[in-house]
There are 2 protein chains.
Amino acid sequence: MRTDSRLPRVLHALLHLEQAEEPLTSEQIGKMLNTNPSLVRRTMAGLREAGFVGSTRGHGGGWVLERPLNEITLADVYAALGSPELFSLGRSGDAPACLLERAANRATSAALDAARETFQAELERVTVADLVRPHAREIREHQEKRTGKVPEAGGQ
Amino acid sequence: MRTDSRLPRVLHALLHLEQAEEPLTSEQIGKMLNTNPSLVRRTMAGLREAGFVGSTRGHGGGWVLERPLNEITLADVYAALGSPELFSLGRSGDAPACLLERAANRATSAALDAARETFQAELERVTVADLVRPHAREIREHQEKRTGKVPEAGGQ
DNA sequence: AAATATTGTAACTTTATAAGTAACGAATGC
DNA sequence: GCATTCGTTACTTATAAAGTTACAATATTT
């Protein structure tokens, strides 16, 4: 299939929404993402259900941010998209009878699971707001290291 | 596309090859992997080029191991397959003009790169022989921790 | 030498899934 | 009423691995 580019795309869209004064239509967002309005509506639907954005119909309608970007982690966005399959690699079968096949699957899964955890942890460490404030992440992590806790969202 | 199952499949095949007294034909391996001989030949070709297995034609021919499994890491096998694409996720474009899109891509790539490193490290830590000797890996790692170095392959 | 077994390789079809596209009803604002 | 915009469904396209078919090349057996 085509490479799944939904995550970077909606991140891109969120960053534009933050800068917008008025609702952006699917048409406008589609131009920013080099795609068409229908796909934008489909892809943004999950973010709406998660409460990160809102949409209104009719004249003057479109998409708006419902929550500040520093309250939304990349992990939140990924989850809102339905946590799409990360890997193009997989095991050979679900519950094979052959012990050797099971051993091969186990090893493959172990490596993939470890990679998935790293991916997830990386997504959790970063808010969408961090993407356009390159120094903000380091500052926040330094804070966490000192206090030993994750600061409340919204504080900056 | 279909999920890429080449890695677990060739691992499975290698484990069977180790147990075999005589060359295994693509036909036989195909039955073990629930696939057909032609696909086996195609998939094993990389392992042959890497010198991990050998193949001979004609009556009595087939596939044999050329190196002991404790000298072959999962990373070696993955590389011999041509290091197939790990992720079904990707960025939205290669070098977009929009700064926000670049930021979105950068963040996506960072998480993927971190995950890929974890995956690669995990593959490097494990030899194919480890798959069927569940305790061997822990023993070897303990050894590495004590001596601070990776033991020569072949020593067990 | 002929028959048989087996790999090597090329060409083609199938499958799965996101992207892309088109269409239209529903809701909203002018 | 009319134009705008989303919500949703249905359909087509693109991509890459799996799966399949076919056959030349090579090796063994008789």
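The figures here come from the full heavy-atom set of this structure, side chains too, leaving out hydrogens, waters and symmetry mates. In what follows, chains are A, B, ... by sequence order, proteins preceding strands, each numbered from 1.
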Verify the contact: side-chain N or O of B:N36 to OP1 or OP2 of D:dT20, cut-off strictly under 4.0 Å; return yes or no.
yes

Mind checking salt bridge (Lys or Arg N to Asp or Glu O under 4.0 Å) for B:R6 and listing every partner two or more places apart, or none if nothing turns up?
B:D4

May I ask you to say what A:R42 touches in the nucleic acid, namely base, sugar-phosphate or nothing, with a heavy-atom cut-off under 4.0 Å?
base

Nucleotide D:dA17, atom P - distance to CZ of A:F87 in whole Å
17 Å

Donor + acceptor pair across side chains of B:D76, B:T73 (<3.5 Å)
yes

Side chain proximity check, B:V132 to A:L99, heavy atoms < 4.5 angstrom:
no

What are the residues of residues 50-58 of chain B, sorted by number, that bring a heavy atom to within less than 4.0 Å of DNA chain C?
B:S55, B:T56, B:R57, B:G58

Answer yes if the side chains of B:R91 and B:T108 hold a donor-acceptor pair under 3.5 Å, and no otherwise.
no

Between A:S5 and C:dA19, is there a contact of a side-chain N or O with OP1 or OP2 at under 4.0 Å?
yes

Sorted by position of nearest nucleotide on DNA chain C, 5' first, the leading residue of A:R6 and B:E49 is B:E49

Across all chains, not counting sequence neighbours, the side chain to side chain donor-acceptor pair (under 3.5 Å) partners of B:T118 are A:T118

Send over the distance from A:L81 CG to C:dA19 P, rounded to a whole Å.
10 Å

Nearest-nucleotide wise, let me know which of A:R41 and A:L33 is further upstream toward the 5' end of DNA chain C.
A:L33

Quick one: A:L39 CG to D:dT9 P, roughly how many Å, whole number?
16 Å

Quick one: label A:S26 by what it contacts on the DNA or RNA (base, sugar-phosphate, nothing), any heavy atom closer than 4.0 Å.
sugar-phosphate

Atom CE of A:M44 to atom P of D:dT8: distance rounded to whole Å?
14 Å

Protein-nucleotide distance (A:E22, atom CD; D:dC6, atom P), rounded to Å
14 Å

Which atoms form the tightest heavy-atom contact between A:G90 and B:P8, and what is the distance?
O-CG, 3.2 Å

Parallel, tilted or perpendicular: ring planes of B:Y78 versus B:F119, cut at 30 and 60 degrees
perpendicular

Using whole Å, what does the distance between atom P of nucleotide C:dT9 and atom CZ of B:R48 come to?
6 Å

Nearest-angstrom distance from the residue atom CG of A:N34 to P of C:dT21
11 Å

Starting at atom NE2 of A:H59, determine the distance to atom P of D:dG1, rounded to an integer number of angstrom.
19 Å

